[in-house]
Novice: 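Before anything else, here's the structure in question.
Not measured: the values here are computed from a predicted model. Order of the sequence lines sets the chain letters (A, B, ...), proteins ahead of strands, with each chain counted from 1.
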Amino acid sequence: MTKLNPFYITTTLPYVNAEPHIGFAMELIRADIVARYKKSQGHEVFFNTGTDEHGTKIHQKAQQSHMETQAYVDQASARFKELIPALGIMPEINFVRTTDAHHIKAAQEFWKIADKNGLIYKKNYKIKYCVGCELEKTESELVDGKCPLHPLQEIQIIEEENYFFRFSLYQKPLMDLYEKWPGFVVPKSRLNEIQAFVERGLEDFSISRLASKMPWGIPVPNDPTQVMYVWFDALVNYISAIGWPDDEIGGTKAAGAFKKWWTESGGVVQYCGKDNLRQQAAMWQAMLMAVKLPPSKQIVIDGFVTGDGGVKMSKSLGNTVDPFEIVKGYGTDALRYYVARELHPFEDSPFTIERFKEAYNAHLANGLGNLTSRILKMATANEIKFDEAHAKALAASDEIVEIRRRYVEGLERFDIQSASNAIWDLITATDKIVQEREPFKKIKTDKAAATEDIKELLARLQAIGGMLAPILPETGAKIVDLVEKNQMPESPLFMRK
RNA sequence: CGCGGGGUAGGGUAACGGUAACCCGUCAGGCUCAUAACCUGAAAAUUGCCGGUUCGAUUCCGGCCCCCGCAACCA
């Protein structure tokens, strides 16, 4: 067998100013499915996630909670880390925090190189400040040039000296990158979007803040009066996580790690939400160019989880979904199932408890769970065992070859939904076979024929379990195990709710 | 004329020039191995509106209406 490239995949790092929400859980599950799939194909996999912990909002949030900022981010980060077991994420996943000593060192080193390459400069930056809110305002927050909360007060313009990144230099190089590699952003429509954005022209952006105003950030090298703007710091995690610049991962040296995961892998696959398109597909790529590192391999953009009818989820509307609650009520694989098959892989999709429950009953309890029970019951009651010959024959059949093709193609294109649909089509077809051939009836009249049928059904169930493994790791493994041991599940795989 | 996505059966989605498909739900029948599960069949859509191109448009073109994001220094 030829040696496969190492594979590096990462989520974005969620910002820890709020509880983990379903949107990030979705992203983490998707990346995990791809990571597990690649691993099952024989690739060596580095899977990264973590937490983004600097910046104004976090600093404010900590103050509101009357906590030391460090203590606040420690507990918030720990909360996100709990998602790993709760969502059935590969336990060997790397978890980087932007407050890690190694990450801080990497971010500063990154800055120094970009600076040395002439891509950072200082200039006066006019900020809009609302005296009423005592806060800096962005253009998009203003209505008719006034703060909507304090429309009677004039917005103050305050000048502040900040460092800027020469983003404007990268229009052409970015356009070339998109042109040269049309799969760079998935799906295609998002590539079009970022191309159009870059084509309109880029402006340098500010990458630091006055430390006196916002102390919670990584100090700018050789200038204690400034800290880095969060984005500039956080994006660097994709390389600090794999040991840039000195091959240190999680506090330990790992010789050649960076080269292996960044270069030999062909680059990182980054999962992120549509609100991150610019940062990941343009800003970050320009930053990499600034330090003369190769670009990411692919940016996969997924949509938002919305409430019923496509409305935005928000606490005030009361339509948010807590991933921990879902897992508690239905189990890890049930949530993974919903993410994999019931949510659109790239567009916004609704998530409500009602829909979730409906899908759970229809496809996990009635579909997969029930099929497993009925086949294993016939097998165990008649002492008919799974054998390799039937598995081989099945694997060679046109039907399975086609299902596998759809499964593999789906996963390779990050279309987890169509990969899952392929498996569920196999489940449906298998239910149909039971009905049509009626081995349960035939066993009384033509035992030999019934035995053949049941062996085929066992082989099918085993194939289903195998394909399921990256998507529903616990269930997939359990099914394969039950088939091989010729046992009924001690309790239904998915109890009807 | 800022940019982008979208409006298809009760709900969620698919097809993208040639009798509108799938899942959930609903109704009827069948089966009894199974988690009242499973299988078959049915009802249900003038494909947002108006025009155009075409033998023929959900699919192409133009206009309009409506929804949803984004509008960079807000993670």
Novice: Between A:Asp223 and A:Lys122, does any side-chain N to carboxylate O distance fall below 4.0 Å?
Specialist: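 Yes, charged N to carboxylate O under 4.0 Å.
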
Novice: Tell me whether the ring of A:Phe205 lies stacked over the B:C73 base, given a 5.5 Å limit on centroids and a 30° limit on the plane angle.
Specialist: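 No, A:Phe205 does not stack on the base of B:C73, since the centre distance and plane angle fail the 5.5 Å and 30° test.
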
Novice: A:Glu342 near the nucleic acid: base, sugar-phosphate alone, or nothing, with a heavy-atom cut-off under 4.0 Å?
Specialist: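 The residue A:Glu342 makes no contact with any strand.
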
Novice: For the C1' atoms, the ones on B:U19 and on B:U47, what distance do you get once it is rounded to whole angstrom?
Specialist: 15 Å

Novice: Just do the side-chain hydrogen bond (donor to acceptor under 3.5 Å, both in side chains) check on A:Ser296 and A:Gln270 with the steps written out, would you?
Specialist: CA-CA 8 Å; A:Ser296 304; A:Gln270 298 176 222; 2.4 Å; yes

Novice: Between B:U13 and B:C68, how many Å separate the two P atoms, rounded to a whole number?
Specialist: 15 Å

Novice: In whole Å, measure the gap between the P atoms of B:A21 and B:G5 for me.
Specialist: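 Pairwise P distance, B:A21 against B:G5, rounds to 28 Å.
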
Novice: Please report, rounded to the nearest Å, how far the C1' atom of B:C33 is from the CG atom of A:Asp431.
Specialist: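 Whole-Å distance recorded here is 11 Å.
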
Novice: Between A:Asp333 (side chain) and A:Arg336 (backbone), is there a donor-acceptor pair under 3.5 Å?
Specialist: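 No, the answer is negative, given that no donor and acceptor are paired below the 3.5 Å cut-off.
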
Novice: What does A:Asn370 touch in the nucleic acid at a heavy-atom separation under 4.0 angstrom: a base, only the sugar-phosphate, or nothing?
Specialist: base

Novice: For B:G4 versus B:G63, give the span between their P atoms, rounded off to a whole number of Å.
Specialist: 14 Å

Novice: Under 4.0 angstrom, heavy atoms only, what part of the nucleic acid is A:Ile375 near: base, sugar-phosphate, or nothing?
Specialist: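 Answer is nothing: A:Ile375 stays at 4.0 Å or more from every strand.
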
Novice: Taking the C1' atom in each of B:C60 and B:C16, what is the distance between them to the nearest angstrom?
Specialist: 10 Å

Novice: Taking atom C1' in both B:U26 and B:G52, compute the distance separating them and give it to the nearest angstrom.
Specialist: 41 Å

Novice: Base, sugar-phosphate alone, or nothing: which one does A:Gly55 contact when heavy atoms must sit under 4.0 Å apart?
Specialist: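 No contact at all - A:Gly55 keeps every heavy atom at 4.0 Å or more from the nucleic acid.
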
Novice: Whole Å only: how far is the CG atom of A:Leu277 from the P atom of B:G69?
Specialist: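 Atom-to-atom, A:Leu277 to B:G69, this comes out as 17 Å.
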
Novice: Can you find a side chain N or O atom of A:Arg190 that sits less than 4.0 Å from OP1 or OP2 on B:G4?
Specialist: no

Novice: Whether A:Glu402 and A:Arg405 form a salt bridge (side-chain N of Lys/Arg under 4.0 Å from carboxylate O of Asp/Glu) is what I want to check.
Specialist: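 Salt bridge flag = yes for A:Glu402 with A:Arg405.
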
Novice: Cation-pi check for A:Tyr72 against A:Lys61: NZ or CZ below 6.0 Å from the six-membered ring centre and within 45 degrees of the axis, yes or no?
Specialist: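 The answer is no, since A:Lys61 fails at least one limit relative to A:Tyr72.
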
Novice: Nearest-Å distance, CG (A:Leu364) to C1' (B:C24)?
Specialist: 14 Å

Novice: May I ask you to say what A:Phe197 touches in the nucleic acid, namely base, sugar-phosphate or nothing, with a heavy-atom cut-off under 4.0 Å?
Specialist: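 A:Phe197: base contact, heavy atoms under 4.0 Å.
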
Novice: Without decimals, in angstroms, what is the distance between A:Ile353 CD1 and B:G11 P?
Specialist: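 Spelled out: CD1 on A:Ile353 to P on B:G11 is 21 Å.
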
Novice: Round to the nearest Å and state the distance from A:Tyr337 atom OH to B:C23 atom P.
Specialist: 12 Å

Novice: Between atom NZ in A:Lys188 and atom P in B:G4, what is the gap in whole Å?
Specialist: 14 Å

Novice: Considering Watson-Crick and G-U wobble pairs with both distances under 3.5 Å, what does B:A42 pair with?
Specialist: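 Per the H-bond distance test, B:U26.
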
Novice: Atom OH of A:Tyr338 to atom C1' of B:C23: distance rounded to whole Å?
Specialist: 12 Å

Novice: What's the gap between B:C23 and B:U8 when it is taken at their C1' atoms, as a whole Å value?
Specialist: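 These two C1' atoms come out 15 Å apart once rounded.
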
Novice: A:Gly201 near the nucleic acid: base, sugar-phosphate alone, or nothing, with a heavy-atom cut-off under 4.0 Å?
Specialist: base

Novice: Taking only side-chain nitrogens and oxygens of A:Lys432, does any of them come within less than 4.0 Å of OP1 or OP2 of B:C38?
Specialist: no

Novice: Taking for each residue the nucleotide of RNA chain B bearing the nearest heavy atom, is the 5' side occupied by A:Phe304 or by A:Phe494?
Specialist: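 Checking each residue's closest nucleotide, the 5'-ward one belongs to A:Phe494.
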
Novice: Examine B:A34: is either OP1 or OP2 under 4.0 Å from a nitrogen or oxygen in the side chain of A:Lys377? Give yes or no.
Specialist: yes

Novice: Output, in order, the C-alpha distance, side-chain angles, deciding distance and verdict of salt bridge (Lys or Arg N to Asp or Glu O under 4.0 Å) for A:Glu456 and A:Arg437.
Specialist: CA-CA 12 Å; A:Glu456 182 188 333; A:Arg437 299 197 202 157; 2.9 Å; yes

Novice: With rounding to the closest Å, how many angstrom separate the P atoms on B:A20 and B:G29?
Specialist: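 It works out to 29 Å between them.
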
Novice: Answer with base, sugar-phosphate or nothing: what part of the nucleic acid does A:Ala365 contact at a heavy-atom distance below 4.0 Å?
Specialist: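 A:Ala365: base contact, heavy atoms under 4.0 Å.
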
Novice: Taking a pair as Watson-Crick or G-U wobble with both distances under 3.5 Å, which nucleotide is matched to B:C73?
Specialist: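 Partner of B:C73: none found under 3.5 Å.
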
Novice: Sort out the partner of B:U53 for me: Watson-Crick or G-U wobble, both distances under 3.5 Å, none otherwise.
Specialist: none

Novice: Across all strands shown, which nucleotide pairs with B:A21 by Watson-Crick or G-U wobble geometry, both distances under 3.5 Å?
Specialist: B:U13

Novice: Whole-Å distance between B:A15 C1' and A:His344 NE2?
Specialist: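 One finds 14 Å between C1' of B:A15 and NE2 of A:His344, rounded.
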
Novice: Which is true for A:Ile443 with a 4.0 Å heavy-atom rule: it touches a base, it touches only sugar-phosphate, or it touches nothing?
Specialist: nothing

Novice: Nearest-nucleotide wise, let me know which of A:Arg355 and A:Ala196 is further upstream toward the 5' end of RNA chain B.
Specialist: A:Ala196

Novice: Determine yes or no for a side-chain-to-main-chain donor-acceptor pair under 3.5 angstrom, with A:Thr69 supplying the side chain and A:Ala62 the backbone.
Specialist: no

Novice: With both distances kept under 3.5 Å, what pairs with B:C64, Watson-Crick or G-U wobble?
Specialist: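 Here B:C64 is engaged in a pair, and the nucleotide opposite it is B:G48.
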
Novice: Take the angle between the ring planes of A:Trp216 and A:His59 and call it parallel below 30°, perpendicular above 60°, tilted in between.
Specialist: parallel

Novice: Assign A:His363 to base, sugar-phosphate, or nothing according to its heavy-atom contacts below 4.0 angstrom with the strands shown.
Specialist: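 Here A:His363 touches the backbone only, sparing every base.
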
Novice: In the strands shown, is B:U59 matched to any nucleotide by a Watson-Crick or G-U wobble pair with both distances under 3.5 Å, and which?
Specialist: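 Pairing partner, where one exists within any strand: none, as none qualifies.
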
